[in-house]
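The block underneath contains the structure these notes are about, expressed in structure tokens.
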Amino acid sequence: MRTIALVKRVCIQMVRDKRTLALMMVAPLVILTLLHFLISSDPNTPRLGVNGAEESLIDELKEKELKVIPFDQLKSPNQLIKEEDLDGVLKMEGDQLNLTLTNDDPSKAKLLQTKVMQAISTVNAKEQATNLAQFAEDIGQQLPNTPINLIQLTMPEISTSYVYGNSETTFFDQLSPILVGFFVFFFVFLISGIGLLRERTTGTLDRLMATPIQRKDIVFGYLIGYGLFAIIQTIIVVFYATKVLDIMLVGSLWNVILINLALALVALLLGILLSAFANSEFQMMQFIPIAIVPQVFFAGILPFEGMPEWMQIVAKFMPMYYGGNALVDVMYKGFGINDIKNELFVLLGFALVFIVLNIVALKKYRKI
């Protein structure tokens, strides 16, 4: 009977807590829906620029489900790739083939390289078959004692170069910068949210609100206080990832720290904001599937171009979308501060919006 009474108590408590009940039922459906559309989305067709290649090779490349764009005159392959947003450039000079791969996505670059090699092999095999057929025809027309020369085709030499990374680059080299930013974002969000929630549950915030202090002073006070520890945590994570784990770092370490500090600022303010709507640590943890998990999907781990259009719009409202892109640009591609300034401005814009929302959210505790 005591067990049954305890079960009834738990059920009644859960039914009364409408927010917890809703998060338990709705959050898994939201995450599953996002995963469904992300996994079932069509992959982006690789774009290959071609110069000097025969028509037979171009046709064979198209058969390999590549978007082939011929160019009569070829500038620098690296420059052309950036200007035309290509995944690679194939240049043919006689028997020499030069393949330049963007390699911003190593798995996609390896797939493109494989398809190009297959197309070249297929064209070479067809030409060899044509020569054999001609050879058989010559046999039937010429005398047996007449020497007949069979032209042996050889595979053209292919020289491969990379805009970013090299032939040893793996998918983890592109993934690791995103993970560094996400861990900073996640733990700062968690610590700041639960920390401020404890201030409320222990009555500290109520006592503060009973004083003449203004709401903005409270927000900035908590922001600076927790921000100092967020800065220390961010620097430790970045230095450990780059110096101890030896994660690929092509650009400036200080740019990496700057991006992660911007992410930490946004996460700190988001954690403080959501803690105002949670009544316990349990409820605060329940915000993670809604506010944090979707950040992973749109941070650059999954290809943005292959997402449905409505999901691409949703991605633009995720701070990790901008943070992940900026970290990959600096750590993997070696970009400078001028190349990532737009992402930094957007992250600062998120921070400004969250500051205003935090000030407004404190109205529920006191009107000044």
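Numbering of residues begins at 1 and proceeds along the displayed sequence. The basis for the numbers below is simple: all heavy atoms, side chains too, and nothing from hydrogens, waters or symmetry mates.
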Quick one: are I288 and L190 in side-chain contact, heavy atoms under 4.5 Å? yes
Can you tell me how far the CG atom of N103 sits from the CD atom of Q113, to the nearest 0.5 Å? 9.0 Å
In this structure, would V180 and L245 fall into the same cluster of hydrophobic residues linked by side-chain contacts under 4.5 Å? yes
Output the rest of the hydrophobic cluster of F317: all Ile, Leu, Val, Met, Phe, Trp and Tyr residues reachable through side-chain heavy-atom contacts under 4.5 Å, sorted by chain and number. I313
Look up atom CG in L261 and atom CD1 in I257, then write down how far apart they are to the nearest 0.5 Å. 7.0 Å
For the hydrophobic clusters of this structure (ILVMFWY residues joined by side-chain heavy atoms under 4.5 Å, transitively), does one cluster hold both I224 and I355? no
How far apart are the closest heavy atoms of P46 and L112, and which atoms are they? CB-CD1, 4.2 Å
Donor-acceptor contact present, side-chain N98 to main-chain L90, <3.5 Å: no
Residue pair V188 / S192: nearest heavy atoms and the distance that separates them: O-OG, 2.8 Å
To the nearest 0.5 Å, atom CG of L273 lies from atom CD1 of I359 at 11.5 Å
Taking C-beta and beyond as the side chain, do L274 and F189 meet within less than 4.5 Å on heavy atoms? yes
Does M320 offer a backbone N or O that forms a donor-acceptor pair with the side chain of Q295 under 3.5 Å? yes
K243 and L253, any side-chain heavy atoms less than 4.5 Å apart: yes
Would you say R47's side chain and D85's backbone share a donor-acceptor pair under 3.5 angstrom? yes
Heavy-atom pair of closest approach, residues P177 and L327: O-CD1, 3.3 Å
In this structure, CZ of F354 is separated from CG of L223 (nearest 0.5 Å) by 12.5 Å
Please tell me whether F350 and L352 are part of a single hydrophobic cluster in this structure, the criterion being side-chain heavy atoms less than 4.5 Å apart. no
Would you indicate whether the side-chain heavy atoms of P294 and M318 approach each other to under 4.5 Å? yes
In terms of heavy-atom contacts, does CZ of F229 have more than 12 from other residues, nucleotides or ligands at under 6.0 Å? no
To the closest 0.5 Å, what do you measure between CD (E309) and CD (Q312)? 6.5 Å
Are L111 and V116 grouped together when hydrophobic residues (ILVMFWY) are joined by side-chain heavy atoms under 4.5 angstrom apart? no
Using the side chain to side chain contact (heavy atoms under 4.5 Å, CB included) rule, pick out the option among F298, F297, Y321 that qualifies with V314. F298
For a 4.5 angstrom cut-off between non-hydrogen side-chain atoms, does I191 reach Q233? yes
Backbone of F71 reached by a side-chain donor or acceptor of N51 within 3.5 Å: yes
Answer yes or no: is there a side-chain heavy-atom contact under 4.5 Å between L265 and L347? no
Between atom OG1 of T242 and atom CG of D246, what is the distance when rounded to the nearest 0.5 Å? 8.5 Å
So Y164 and Y332, would you call those rings parallel, tilted or perpendicular, with 30° and 60° as cut-offs? tilted
Going through the checks in order, is the side-chain contact (heavy atoms from CB on, under 4.5 Å) test met by V328 and I178? CA-CA 7 Å; V328 171; I178 299 172; 3.7 Å; yes
Start with the C-alpha distance between I292 and F182, add both sets of side-chain angles, then the distance that settles side-chain contact (heavy atoms from CB on, under 4.5 Å), and finish with yes or no. CA-CA 9 Å; I292 302 300; F182 175 74; 3.8 Å; yes
Going through the checks in order, is the side-chain contact (heavy atoms from CB on, under 4.5 Å) test met by L101 and K110? CA-CA 9 Å; L101 297 172; K110 287 180 172 59; over 6 Å; no
Is any side-chain heavy atom of D87 closer than 4.5 Å to a side-chain heavy atom of L48? no
Does L99 reach the side chain of V89, with side-chain heavy atoms less than 4.5 Å apart? no
Test side-chain contact (heavy atoms from CB on, under 4.5 Å) applied to L258 and I337, step by step: CA-CA 10 Å; L258 182 61; I337 188 68; 3.7 Å; yes
D339 side chain to F335 main-chain N or O, any donor-acceptor pair under 3.5 Å? no
Which heavy atom of V184 sits nearest a heavy atom of A264, and at what distance? CG1-CB, 3.9 Å
Flag, side chain of T102 to backbone of L86, donor-acceptor distance under 3.5 Å: yes
Any chain of hydrophobic side-chain contacts (each under 4.5 Å) joining F187 to I236? no
